[in-house]
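Following: one structure in structure tokens, then a few remarks.
By convention here, the first residue in the shown sequence is residue 1. Predicted model, so just to flag it, every value in this text is computed and none were measured.
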Amino acid sequence: MGRIYLIRHGETVWNRQGRLQGQLDSPLTLTGVRQAEGHGRKLGALLGPTALPVIASPLGRTRQTAAIICDTAGLPYEAVQFDERLMEITLGEHDGYHGWMALDRDFPEHAVARQANPWHYQHPGGESTEMVRERLIPVLDELRGAETPHIVIAHGVVNKIMRGIYLGLSEEDCFALDRPQHGFHVLEDGIEEFVLSMPLESA
């Protein structure tokens, strides 16, 4: 079947503050908890009694989101598979930095290099977008070949890249994709559909 329910974790404290999380972590805000509950309710309504496999990034914010989704949708959290390949892109030494403006101000030479070749730029001790793409390709191949649909809970950049691979987008179009937390994408038959989990004004 190969259908994928692709979900980003709920809003975190650092999301709200504009900090660059990477593979560091911060907990969900109350809004983030409500977003995860909304995903769980929507999935419960879509799937009924069908318990689909869930795979998720092992970072704390995705674990928290997965736990809430499972509890709300009636899915067994103990069956969730945590896959390190779904971890968010890391900015290495710059994980946790107070936003892109601050980073570019403090490290202008890195800003120039990143803008010159954004897809392949690698932060000190971190990953490039291409490196993330390479670790996501086998994950997507496995999901496409699966006999049952899967729920995937990951991150903003990871989900954009996965959607870009799935849809065959250019690097530029992949970068331009959104990173919603008030709904999720369903990938099937080479196309995607956005499913709203909660009203945007409530997100």
Side-chain angles (χ1 to χ4, degrees), residues 3-47 50-92 94-99 126-127 132 135-136 139-140 142-143 148-163 177-187 194-203:
R3 186 187 311 136
I4 303 166
Y5 297 89
L6 185 62
I7 301 172
R8 183 186 178 193
H9 62 79
E11 180 194 70
T12 68
V13 172
W14 284 8
N15 285 157
R16 181 172 288 178
Q17 295 173 351
R19 291 182 65 175
L20 309 177
Q21 292 188 114
Q23 292 182 5
L24 297 183
D25 236 331
S26 67
L28 300 187
T29 61
L30 181 55
T31 294
V33 170
R34 289 171 175 161
Q35 289 166 341
E37 290 173 341
H39 300 330
R41 285 192 297 270
K42 181 61 71 172
L43 286 169
L46 289 173
L47 303 177
T50 305
L52 295 185
V54 180
I55 63 171
S57 159
L59 295 177
R61 56 194 184 271
T62 34
R63 286 181 179 271
Q64 190 179 1
T65 300
I68 295 168
I69 288 174
C70 288
D71 192 41
T72 309
L75 299 168
Y77 178 76
E78 61 274 13
V80 176
Q81 294 184 327
F82 294 100
D83 192 328
E84 291 187 351
R85 296 174 298 177
L86 293 174
M87 292 173 67
E88 182 61 300
I89 188 172
T90 176
L91 309 183
H94 299 153
D95 276 357
Y97 222 81
H98 290 272
E127 293 178 293
V132 178
R135 63 174 158 91
L136 289 175
V139 178
L140 193 54
E142 293 163 16
L143 292 170
T148 60
H150 278 69
I151 298 167
V152 178
I153 305 169
H155 303 271
V157 173
V158 163
N159 287 9
K160 283 174 62 168
I161 298 171
M162 189 172 292
R163 290 164 60 201
L177 291 173
D178 58 355
R179 300 188 291 174
Q181 290 172 304
H182 62 290
F184 55 87
H185 289 89
V186 181
L187 309 181
F194 181 69
V195 177
L196 190 69
S197 297
M198 60 188 299
L200 185 56
E201 60 269 18
S202 302

For the residue pair [X] and [Y], what are the closest heavy atoms and their distance?
X	Y	answer
Met87	Pro58	CG-CD, 3.6 Å
Lys42	Leu196	CE-O, 3.1 Å
Phe184	Leu43	CZ-CD2, 3.8 Å

Do [X] and [Y] come close enough that some side-chain heavy atom pair is under 4.5 Å?
X	Y	result
Ile68	Leu28	yes
Tyr97	Leu91	no
Pro180	Arg8	no
Leu47	Ile151	yes
His185	Asn159	no
His155	Arg61	yes
Gln35	Glu11	yes
Met162	Leu140	yes

First locate atom [atom1] of [X], then atom [atom2] of [Y], and finally report the distance between them rounded to the nearest 0.5 Å.
X	Y	atom1	atom2	value
Leu59	Leu24	CG	CG	9.0 Å
Trp14	Thr29	CH2	OG1	14.5 Å
His98	Leu20	NE2	CG	9.5 Å
Leu143	Arg3	CG	CZ	13.0 Å
Leu86	Leu136	CG	CG	6.5 Å
Glu142	Asp83	CD	CG	7.0 Å

Which residues share a ring pair (Phe, Tyr, Trp, His ring centres under 6.0 Å) with His150, sequence neighbours left out: none
Flag, side chain of Glu127 to backbone of Thr90, donor-acceptor distance under 3.5 Å: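 Yes; judged by distance alone, with no hydrogens or angles, the pair exists.
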More than 12 heavy atoms from other groups under 6.0 Å of CD on Gln81: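 No - once you tally the heavy atoms of other residues, nucleotides and ligands closer than 6.0 Å, there are 12 at most.
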Which residues share a salt bridge (charged side-chain N to carboxylate O under 4.0 Å, His left out) with Arg19, sequence neighbours left out: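 If we apply the salt bridge (charged side-chain N to carboxylate O under 4.0 Å, His left out) test to Arg19, skipping adjacent residues, there are no hits.
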His39 side chain to Ser197 side chain, donor-acceptor N/O pair below 3.5 angstrom: yes
Qualifying residue, where the test is side chain to side chain contact (heavy atoms under 4.5 Å, CB included) with Ser57 and the options are Thr62, Thr65, Val158: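 Going through Thr62, Thr65, Val158 one by one, the side chain to side chain contact (heavy atoms under 4.5 Å, CB included) with Ser57 is satisfied by Thr62 alone.
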Side chain to side chain donor-acceptor pair (under 3.5 Å) partners of Gln21, counting only residues at least two apart: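 Partners of Gln21 under the side chain to side chain donor-acceptor pair (under 3.5 Å) test: Thr12, Ser26.
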Residues Asp178 and Arg163 bridged, charged N to O under 4.0 Å: yes
